[in-house]
Protein chains: 2
Amino acid sequence: MTETFSPAQTVEISGFSLDTLRYYEKIGLIEPVRRAAGGHRRYSEDDLGWLDMLRCLRGTGMPIAQMQNFAVLAREGDDTVEDRLALLEEHDAAVEAELARLLEQRSKVRAKIEYYRAYLAQQPAVCVPQGD
Amino acid sequence: MTETFSPAQTVEISGFSLDTLRYYEKIGLIEPVRRAAGGHRRYSEDDLGWLDMLRCLRGTGMPIAQMQNFAVLAREGDDTVEDRLALLEEHDAAVEAELARLLEQRSKVRAKIEYYRAYLAQQPAVCVPQGD
DNA sequence: CGATAACCCGGAGCACGCTCCAGGTCCAGC
DNA sequence: GCTGGACCTGGAGCGTGCTCCGGGTTATCG
């Protein structure tokens, strides 16, 4: 066990591009990845788990800077679990707010759509000759 | 009637910054705004209505480029209503998809939160002396 | 009439989050 | 052994969407 994954496999699994993976490592979002003899990266299962976490956070709009805070805490060990939990809960609230905002804005867009539809219904087929 | 609004009022009402208003005008998202004698802008009620539309679109994540397409159609007159409707419907579908994505990702974040909570529950109060 | 605030313009700058590039190294298959 | 593809590095570049700056003009208020 303790399988490892090539960069290409990791791209495939994580959904991050190769460049993004290296970028994340460079800025400390990922701990330095183990290397094979020749210097090529070998991502561990733990790395993939962490990448999955990052995907969740990015996918819900967490800024890089905040993910960095989270990464620092994660690296400090088990006694930061409470802090991390707090950070996630705060983020969850932010996501909730964003969802609410989106829903509200969507309803406005839909109102505009209805408005256009009504316009078209009331002013039908401009090009159709009337009454022959 | 046919009230007009100063830039400051328009900022207040539209929620866009002064710079953003001028930027939008520059890139053609807004038609050239009428000016008072001295060259200061006077936004019309129509302008405000259009700004409200832009806010809906931006607020639901429509890229500037697409809003520009929309603006061009709007400027071409009433016989583009169908095209505009199609554009809005397409956008509405995109918003829908984005909402679905967000909801799914949120559930993953919440799963992580639960995981942390479980960890804390199982490993309670590290600092409390055990059994005196 | 003077001061202060609001506004004008063109253009530069910025924050974010990647993405691409050049010039090399490593490794798997024939 | 050689070739082609995957991978390495540091650093530059880019797309988006504003935001800020400097220097000047116009409006408002006491």
Side-chain angles (χ1 to χ4, degrees), chain A residues 4-44 47-48 50-51 53-71 91 94 98 101-102 105, chain B residues 4-44 47-48 50-51 53-71 91 94 98 101-102 105:
Chain A
T4 68
F5 302 86
S6 72
Q9 287 173 311
T10 307
V11 163
E12 182 73 17
I13 297 168
S14 72
F16 291 117
S17 77
L18 200 56
D19 273 318
T20 299
L21 287 173
R22 287 194 277 106
Y23 169 66
Y24 280 4
E25 192 177 339
K26 180 156 63 181
I27 66 173
L29 265 188
I30 309 174
E31 285 192 81
V33 174
R34 313 236 168 224
R35 304 304 180 100
H40 291 191
R41 287 176 180 80
R42 293 296 118 158
Y43 292 86
S44 70
D47 288 333
L48 291 186
W50 179 245
L51 285 171
M53 173 65 99
L54 292 185
R55 265 190 68 60
C56 288
L57 300 182
R58 273 307 285 147
T60 47
M62 183 183 285
I64 296 275
Q66 205 174 339
M67 294 202 296
Q68 285 174 316
N69 295 341
F70 192 78
H91 177 59
E98 173 62 12
R101 204 192 53 75
L102 249 188
Q105 295 277 38
Chain B
T4 68
F5 302 86
S6 72
Q9 287 172 310
T10 307
V11 164
E12 181 73 18
I13 297 168
S14 72
F16 291 117
S17 77
L18 199 56
D19 274 317
T20 298
L21 287 174
R22 286 194 281 103
Y23 169 66
Y24 280 5
E25 193 176 339
K26 180 157 61 183
I27 66 174
L29 265 188
I30 310 173
E31 284 191 83
V33 174
R34 313 237 170 225
R35 305 305 181 99
H40 291 193
R41 287 176 181 80
R42 293 295 118 157
Y43 292 87
S44 69
D47 289 333
L48 292 186
W50 178 246
L51 286 171
M53 173 66 98
L54 293 185
R55 266 194 71 57
C56 288
L57 300 182
R58 274 306 286 148
T60 47
M62 183 183 285
I64 296 275
Q66 204 173 341
M67 295 202 296
Q68 284 174 316
N69 294 342
F70 192 77
H91 176 59
E98 172 63 13
R101 204 192 53 75
L102 249 187
Q105 296 278 36

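As the structure is a computational prediction, the values presented were derived from the model and not from experiment. In the text below, chain A, chain B and the rest are named by the order of the sequence lines, each starting its count at 1. All heavy atoms count here, side chains included; hydrogens, waters and symmetry mates do not.
In terms of modelled atom types and a separation under 3.5 Å, the side chain of A:Gln66 and the main chain of A:Pro63 share no donor-acceptor contact. Remark: the backbone N or O of A:Met67 is not paired with any side-chain donor or acceptor of A:Arg58 at under 3.5 angstrom. Without hydrogens or angle criteria, B:Gln68 side chain to B:Gly28 main chain gives no donor-acceptor distance under 3.5 Å.
With rounding to whole Å, B:Gln66 atom CD is found 13 Å from D:dT16 atom P. We find that CD1 of B:Ile30 is positioned 11 Å from P of D:dC18, with the value rounded to whole Å. D:dG17 atom C1' lies 16 Å from atom CE of B:Met62, rounded to whole Å.
Under the salt bridge (Lys or Arg N to Asp or Glu O under 4.0 Å) criterion, B:Arg22 pairs with B:Asp19, sequence neighbours left out. Remark: A:Arg42 engages no residue in a salt bridge (Lys or Arg N to Asp or Glu O under 4.0 Å) (not counting sequence neighbours). Residues meeting the salt bridge (Lys or Arg N to Asp or Glu O under 4.0 Å) test with B:Arg41, sequence neighbours left out: B:Glu25.
The minimum heavy-atom distance between A:Leu21 and A:Ser14, with the atom names listed, is CD2-OG, 4.1 Å.
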Every protein N/O lying under 3.5 Å from an N/O of nucleotides 19-22 of chain D:
{"from": "D:dC20", "atom 1": "N4", "to": "B:Asp19", "atom 2": "OD1", "distance (Å)": "3.1"}

Could you write out each protein N or O paired with an N or O of nucleotides 26-29 of chain D at a distance under 3.5 Å?
{"from": "D:dA27", "atom 1": "OP1", "to": "B:Gly38", "atom 2": "N", "distance (Å)": "3.1"}

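Contacts of A:Tyr24 with the nucleic acid, taken as non-hydrogen atoms under 4.0 Å apart, involve only primed sugar atoms and P, OP1 or OP2.
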Could you walk me through whether A:Phe70 and A:His91 satisfy the side chain to side chain contact (heavy atoms under 4.5 Å, CB included) test, starting with their C-alpha distance in whole Å, then the side-chain angles of each, then the deciding distance to 0.1 Å, before giving a yes or no? CA-CA 11 Å; A:Phe70 192 78; A:His91 177 59; over 6 Å; no
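OP1 or OP2 of D:dC8 sits under 4.0 Å from a side-chain N or O of A:Arg41. Within the structure, every side-chain polar atom (N or O) of B:Arg35 is placed at least 4.0 Å from both OP1 and OP2 of D:dT25.
Note that OG1 of B:Thr20 and CG of B:Leu54 are 11.5 Å apart. Values are rounded to the nearest 0.5 Å. Rounded to the nearest 0.5 Å, atoms CG (B:Leu29) and OH (B:Tyr23) are 7.5 Å apart.
With a cutoff of under 4.0 Å to any heavy atom of chain A, the contacted region of DNA chain C is bounded 5' to 3' by C:dG17 to C:dC27.
In this structure, B:Arg34 places its CZ atom where only 12 or fewer heavy-atom neighbours from other residues, nucleotides or ligands lie under 6.0 Å away.
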